[in-house]
There are 2 protein chains.
Amino acid sequence: MNPNPQAGRSAPDSAQPASAFGKLACSNCKLRDVCMPVGLDENELNRLDQMVSVRRKIKKGHALFRSGDPFTAFYAIRVGTFKSRVVTPDGKDQVTGFQMAGEILGLEGISMDRHACDAVALEDSEVCVIDYQHFQMLANEFAPLQKHFHRVMSREILRDRNMMLLLGSMSADQRVAAFLLNLAQRQQARGFSGQDMMLRMTREEIGNYLGLKLETVSRTLTRLSDDGMISVDQRHIRLLNATALKALIGLTD
Amino acid sequence: MNPNPQAGRSAPDSAQPASAFGKLACSNCKLRDVCMPVGLDENELNRLDQMVSVRRKIKKGHALFRSGDPFTAFYAIRVGTFKSRVVTPDGKDQVTGFQMAGEILGLEGISMDRHACDAVALEDSEVCVIDYQHFQMLANEFAPLQKHFHRVMSREILRDRNMMLLLGSMSADQRVAAFLLNLAQRQQARGFSGQDMMLRMTREEIGNYLGLKLETVSRTLTRLSDDGMISVDQRHIRLLNATALKALIGLTD
DNA sequence: CGGATACTTGAAATAATTCAAAGAATGTGG
DNA sequence: CCACATTCTTTGAATTATTTCAAGTATCCG
C-alpha cells in the first residue's frame, strides 16, 4: 500500500546548479533546436546559460508543479515526458497535453501568478528551471529572446486551438490518428524514428486527453491495427501506413 | 444572390488615425479596465496612446484578418463582437472563441508571422490596431507593459485549456450552461446586465464552438428553459436561475 | 511470485446526430 | 414599404457513435 505519489505536495525531488559547468549549458544542449535558445547568438547564449542555473529531477508520478502553486518560473524539459492537466472543483480533470524533451511547461501560470494546471512526470524526468523574473530582465535587453518567448507562447495558443478543433469536430478514429501522427512527428523532430514509438501514457490518459473513454481508445487502436495502418503491441506502436492515417484526418499526405 | 462577404479578402473596411485627438486615446477609453493598458501610469499611457494610432471599422460578416494573412499587428476590440475560427485544409472549421469589446485578437499570429485563424465580425465593429513591432519597442522600455502583454497571452492559454475541459468532458447541458454563464459574466464585467443578453451569434456558431450540432443547441436551450433556468426568446436569453446553471457544471454558486 | 494496474473485448444503454419538415425572423429589391 | 427569398430556429423520429457495465487476460513492479 504505497502512498500515492501524486497526492504529495510538489516539493523538489532534487535540485542542482547546472550551467556553471559548460557541458550542461544551453549552448551545448542537444535540444537547442526545439527549446528556448533558438536563434540566439553566442553572446545571448552565454547570458542565457548563466540564468538557467538550476535543474530539477522529477520521479515518475510526481508533480513538477500543481494548480495553485505560486508561479515563479517556467520549465524546459531536458529528459522525460510530462502530462499537464486542469482540474475542476468537483474533481473532473482533463489532460491538456503531453510534453516531451525540449518543450516548455508552466507558461499558463503567468496570468494569475499561480499555476493553473498540474504537470506530472510520466517517467523519471529532468527539467531546466527558468526563473521568470530573471529571464525577463535578460529578454528586455535582448529583443530576439523576447520575441522568441512570444513565439513560444503563441505556439502554445495555436496548439490549444488545434486541440479544440480535434475535440470539437473529430471522430474517435480521427482523434486517435491525429494523436499518433502528432506524437510521431515530435519524436522525429527529436531524432527518433517517425514510425516506431513507445507510449509513455496509459489508455486512460490518452482517452482523457482526446475526450474519449479508455475502452474507446483501445477499440480504436484495435480497429486501426486491423485495417493495417498501425501495429499495436501494448505501448509499442508502429505506424505502418502514415498516408492512410493522414487521409483519415483529411490530409493529402 | 449576394456575393458572400466572408469570401472576400480582408481588406480594411475603413481606417482612420485615432489618438492624436485625446478623446479617442487609450487614456480615455472606457475599456481601460479590460484591455491592454491595465496597470499603466500616466507616462506609459501617453506613450501607448501615441502608438495605438489607427482604428479600423469592420462590417458584420467581414473578416478583420484571415488565416494566412501576414501578422503585423494585433487588435483590441473597441465596439462589437467577433468570432475566431480555425479552418482545416479539407474545409472543416471550428469556432475557437467569441470576442467582445476590450478583448484582444490576433496573438496566435506571432508564432508563424502569419495569422492562423479567421476573425469575423458578428456585427458592425471597430478595433484598435496595435502594431506588434512598435508595441514591443515600447514594451521593452516599460517592463510593466511587457508583463501585462505576457499576462494577456497567458490568459488566452488558460481560456483555451478550460475550453478543452469543456469539449473533452462535458455533456450538452453543461456546455451550454457554461457558455451562457461565461457570456453573462463577461457582459457584467463590461457594465451590462449579468442576467439579460442578446446573443450575437447563430445556434450553428454556438454549436460549432461547443462541439455540438445546432439542433442540439436548440434542444438544450429549450430544455433549460423548460426547467426554468433561463428564458429564451430567439437570441434574447435571460438567466433566471444562475445558481442552478452553475450547479449543472459542478459549481457551488 | 502475487497483488495491483493496465488492457481488451462483448453486449446493452444512451446521448447526440442525422434527416426531415415546418414556422419565425430577417433583409432585399421592386 | 411591402412581398418574397433567404436564413435561422424549432421540433419529431430514426439512426449511430460512443459510453457504460461487465468479465477476462496480460503485464508490471516490488
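The sequence lines fix the lettering, A, B, ..., with proteins before strands; numbering per chain opens at 1. Hydrogens, waters and symmetry mates play no part in the numbers below; they use all other heavy atoms, side chains included. Everything numeric in this text was worked out from a predicted model, so none of it was measured.
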TODO: For A:Q234 and C:dT5, give me the distance from atom CD to atom C1', rounded to whole Å.
DONE: 12 Å
Open item on the list: Tell me if a side-chain donor or acceptor on A:E123 pairs with a main-chain N or O of A:T81 at a distance below 3.5 Å.
Closed with: yes
Task: Contact pattern, 5' to 3', of nucleotides 13-25 of chain D - B, S or - by protein heavy atom under 4.0 Å - done: B----SBBB----
Open item on the list: Applying ring pair (Phe, Tyr, Trp, His ring centres under 6.0 Å) as the test, list every pair that has at least one member in residues 75-94 of chain B; sequence neighbours left out.
Closed with: B:F65-B:Y75
Task: Neighbours of DNA chain D within residues 93-101 of chain A, by heavy-atom distance under 4.0 Å - done: none
Task: Distance in angstrom units between A:E205 CD and C:dA6 C1', rounded - done: 11 Å
Open item on the list: Rounded to whole Å, how long is the line connecting atom CG of B:L199 with atom P of C:dT26?
Closed with: 13 Å
- [ ] Check whether any side-chain heavy atom of A:L251 lies under 4.5 Å from a side-chain heavy atom of B:P89, and answer yes or no.
- [x] yes
- [ ] Please state how far atom CD1 in A:I237 lies from atom C1' in C:dT8, giving the value in whole angstrom units.
- [x] 13 Å
Task: Ion pair check, B:D124 and B:K57, cut-off under 4.0 Å - done: no
- [ ] Apply the test side-chain hydrogen bond (donor to acceptor under 3.5 Å, both in side chains) to residues B:D173 and B:S171: give CA-CA distance (whole Å), side-chain angles for both, the deciding distance (0.1 Å), then the verdict.
- [x] CA-CA 5 Å; B:D173 286 2; B:S171 69; 5.3 Å; no
Task: Pairs meeting criterion salt bridge (charged side-chain N to carboxylate O under 4.0 Å, His left out) with involvement of residues 236-253 of chain A, two or more places apart - done: A:D196-A:R238
Open item on the list: For A:N208, give me all partners under side-chain contact (heavy atoms from CB on, under 4.5 Å), at least two apart in sequence or on another chain.
Closed with: A:D93, A:Q94, A:V95
Task: Between C:dT8 (C1') and A:L224 (CG): distance, integer Å - done: 15 Å
Task: B:T220 side-chain N/O to B:T216 backbone N/O, donor-acceptor pair under 3.5 Å - done: yes
Open item on the list: Output the rounded distance in Å from CG (B:D226) to P (D:dT10).
Closed with: 12 Å
Task: Length of the CG-C1' vector between B:L122 and D:dC8, whole Å - done: 15 Å
TODO: With heavy atoms under 4.0 Å as the rule, sort B:S218 into base, sugar-phosphate or nothing.
DONE: base
TODO: Could you state the atom-to-atom distance from CG of A:L214 to P of D:dA26 in whole Å?
DONE: 18 Å
- [ ] Using a 4.5 Å cut-off on heavy atoms from C-beta on, say whether the side chain of A:Y209 contacts that of A:M201.
- [x] no
Open item on the list: If you compare every side-chain N and O of A:R235 against the phosphate oxygens of C:dC7 (OP1, OP2), does one of them come in below 4.0 Å?
Closed with: yes
- [ ] For the pair B:E103 and B:R155, find out whether any cationic side-chain nitrogen is under 4.0 Å from an anionic carboxylate oxygen.
- [x] no
Task: Below 4.0 Å: OP1/OP2 of D:dT11 and any side-chain N or O of B:T222 - done: yes
Open item on the list: Using modelled atom types and a 3.5 Å cut-off, is there a donor and acceptor pairing between side-chain atoms of A:R175 and backbone atoms of A:L210?
Closed with: yes
Open item on the list: Quick check on the helix from C:dC1-D:dG30 to C:dG30-D:dC1: what's the angle between its two end axes, five base pairs per end, to the nearest 10°?
Closed with: 60°
